[in-house]
Amino acid sequence: MGQTTRAYPFLPEGATVRSVSELTEDVKQTLERGLAFVWVEGEIVDVGLPPSGHVYVTLRDARANLKCYMSRTQALRLPAGFVPKVGTEVLAGGRIGVYTARGEYQLVVERMHPKGVGAAELALRQLREKLQGLGYFERKRKKTPPRFPRSICLITSPKGAVVHDLIEILGRRWPATKIAVRPSRVQGDGAAEEIALAIRQVNRWKANRFVNVDVLVIARGGGGGEDLAAFNQEIVAEAIFSSRIPIVSAVGHEIDFTIADMVADVRASTPSHAAEMCVPDRFEVFDCVQTHDEQMRGSMRRICERLRHRLDAVAERRVLLRPTDRLRDMERRVDDWAERLDRGGRGRIERARRDLESAAACLESLSP
């Protein structure tokens with residue numbers, strides 16, 4: 001029950017003061033009694049599918065949004081093969097309810113039927129087709145970030161938890177890398193223009209040698225379709241495509257996939273994953289270096305051992321142990337050859353002398 005004005009003499013006479021809970025309950029009763037079963041037409045711009053089996057969606061038209069809730073029982077009665085997805089136009093029927101914990105009204109959906117592709121999803125598809133035709137998604141034009149970047153620039157909101165997580169993980173994994181933050185809004189009106197401006201600005205700074213940035217990371221935490229809309233804009237895609245610095249896109253969660261992810265040189269499933277992709281883990285690098293050091297030392301020991309064995313084998317050869325023995329053998333062979341040559345020469349001379357004497361005797365016997 002509300003309190004009378006006696007406790008608050010500065011209020012008008014007869015005024016009743018209600019608590020937040022009481023007022024919310026009054027609104028709840030008024031809405032739920034005043035509006036019977038209604039049908040609503042709109043485009044799904046956000047979907048939540050928790051493990052409980054309930055379904056949470058947000059419907060939108062040109063001027064307003066409506067949060068909707070569907071229980072697990074009702075979700076099991078959806079048309080066969082239909083799963084609520086962002087960009088689908090639907091007809092939802094149900095009753096108006098109030099979620100008192102947040103003071104929000106919502107449509108408690110009992111029935112939902114798909115109508116077709118919504119205007120936003122159709123525009124997104126057309127943009128994807130246009131960019132694909134321009135070669136924005138081709139893998140061969142994408143750049144590979146360096147394995148050990150000297151400097152990384154983060155383009156993200158300076159107020160969210162994402163930037164703190166990125167800085168903490170990057171610093172823990174590879175402290176040698178310098179980290180800079182180029183603040184930018186990541187959702188809402190004008191966010192796409194700010195992101196594109198930040199990408200172009202950092203590229204100009206590097207081209208003019210004001211900074212030395214090896215990798216750009218554009219990052220944002222998870223959210224619905226509207227929250228990630230800035231990363232589905234053509235101006236952001238053009239800035240990423242024109243960047244001479246490798247860009248890592250870390251937008252949303254693993255299930256979120258934006259045009260920025262498709263154009264970027266590397267796509268990370270989450271901002272934390274982006275930090276792990278950008279720099280190595282120093283402890284893993286240390287272990288790897290230590291392993292290679294041990295392998296190299298082992299290889300050198302084995303090579304030195306083989307060479308020592310070869311040297312020992314060479315050193316044990318007779319020619320090195322007793323080098324004069326071979327000289328003496330050669331001297332003896334020379335002496336033998338000289339003696340044989342001397343005997344051979346004398347023998348030939350003796351045979352020639354005998355042949356001459358025989359011929360002289362024969363000639364003498366025939367002399368007249």
Side-chain angles (χ1 to χ4, degrees), residues 28 31-32 34-99 102 104-133 137 187-189 191-192 220-234 236-237 249 251-263 267 269-270:
K28 175 180 173 68
L31 285 176
E32 292 180 354
L35 290 174
F37 192 93
V38 295
W39 284 96
V40 180
E41 177 184 23
E43 180 181 350
I44 297 177
V45 294
D46 194 11
V47 178
L49 301 173
S52 62
H54 304 318
V55 177
Y56 299 88
V57 301
T58 301
L59 299 183
R60 181 182 67 182
D61 62 10
R63 293 183 295 177
N65 290 351
L66 173 64
K67 292 186 179 296
C68 303
Y69 160 77
M70 178 178 283
S71 68
R72 181 176 182 274
T73 302
Q74 299 298 338
L76 293 174
R77 299 177 181 174
L78 287 170
F82 171 58
V83 178
K85 294 181 179 179
V86 173
T88 304
E89 283 195 344
V90 297
L91 283 174
R95 304 180 185 278
I96 296 297
V98 175
Y99 183 37
R102 295 183 180 176
E104 296 177 345
Y105 86 93
Q106 60 186 1
L107 179 66
V108 181
V109 179
E110 298 181 13
R111 299 170 64 185
M112 183 180 290
H113 299 278
K115 284 187 60 180
V117 178
E121 178 65 17
L122 181 60
L124 187 59
R125 290 185 183 182
Q126 292 174 344
L127 179 57
R128 285 175 182 162
E129 293 174 359
K130 174 184 176 181
L131 297 179
Q132 185 172 13
F137 306 150
Q187 71 178 69
D189 294 337
R220 190 206 186 284
E226 284 190 317
D227 298 330
L228 305 179
F231 299 93
N232 282 320
Q233 301 298 317
E234 185 172 2
V236 174
S249 176
V251 179
H253 298 302
E254 187 172 359
I255 59 174
D256 302 320
F257 212 94
T258 65
I259 286 180
D261 295 324
M262 301 171 71
V263 183
R267 188 249 175 178
S269 57
T270 62

Do [X] and [Y] have side chains that approach each other closer than 4.5 Å (heavy atoms only, starting at C-beta)?
X    : Y    : answer
V263 : V236 : no
L91  : V40  : no
S52  : R72  : no

Could you grab the distance from atom [atom1] of [X] to atom [atom2] of [Y], nearest 0.5 Å is fine?
X    : Y    : atom1 : atom2 : answer
Q74  : H54  : CD    : NE2   : 11.5 Å
F257 : M262 : CZ    : CE    : 6.0 Å
D46  : N65  : CG    : CG    : 9.5 Å
N232 : I259 : CG    : CD1   : 5.0 Å
E43  : T88  : CD    : OG1   : 8.0 Å
W39  : H113 : CH2   : NE2   : 4.5 Å

Closest approach of [X] and [Y], non-hydrogen atoms and distance?
X    : Y    : answer
R95  : F37  : NH1-N, 3.6 Å
P50  : Y56  : CG-CE1, 3.8 Å
S249 : V251 : OG-CG2, 3.5 Å
P114 : V90  : CA-CG1, 4.1 Å

TODO: Output all residues satisfying side-chain contact (heavy atoms from CB on, under 4.5 Å) with Y99, sequence neighbours left out; order by chain, then residue number.
DONE: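 With sequence neighbours excluded, Y99 shows a side-chain contact (heavy atoms from CB on, under 4.5 Å) to A101, R102, Q106, given in chain and number order.
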TODO: Report the residue from V57, V55, V108 that forms a side chain to side chain contact (heavy atoms under 4.5 Å, CB included) with M70.
DONE: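 Of V57, V55, V108, side chain to side chain contact (heavy atoms under 4.5 Å, CB included) with M70 is met by V55 alone.
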- [ ] Mind running side-chain contact (heavy atoms from CB on, under 4.5 Å) on L78 and M112 for me, showing each step along the way?
- [x] CA-CA 7 Å; L78 287 170; M112 183 180 290; 3.8 Å; yes
Open item on the list: I'd like to know whether OH of Y105 has more than 12 heavy-atom contacts from other residues, nucleotides or ligands below 6.0 angstrom.
Closed with: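 12 or below, so no.
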Open item on the list: Counting only heavy atoms from other residues, nucleotides and ligands, does the tally under 6.0 Å from CZ of R111 exceed 12?
Closed with: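 No, the 6.0 Å shell around CZ holds no more than 12 heavy atoms from other groups.
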- [ ] Please step through side-chain contact (heavy atoms from CB on, under 4.5 Å) for the pair I44 and T58, ending with a clear verdict.
- [x] CA-CA 6 Å; I44 297 177; T58 301; over 6 Å; no
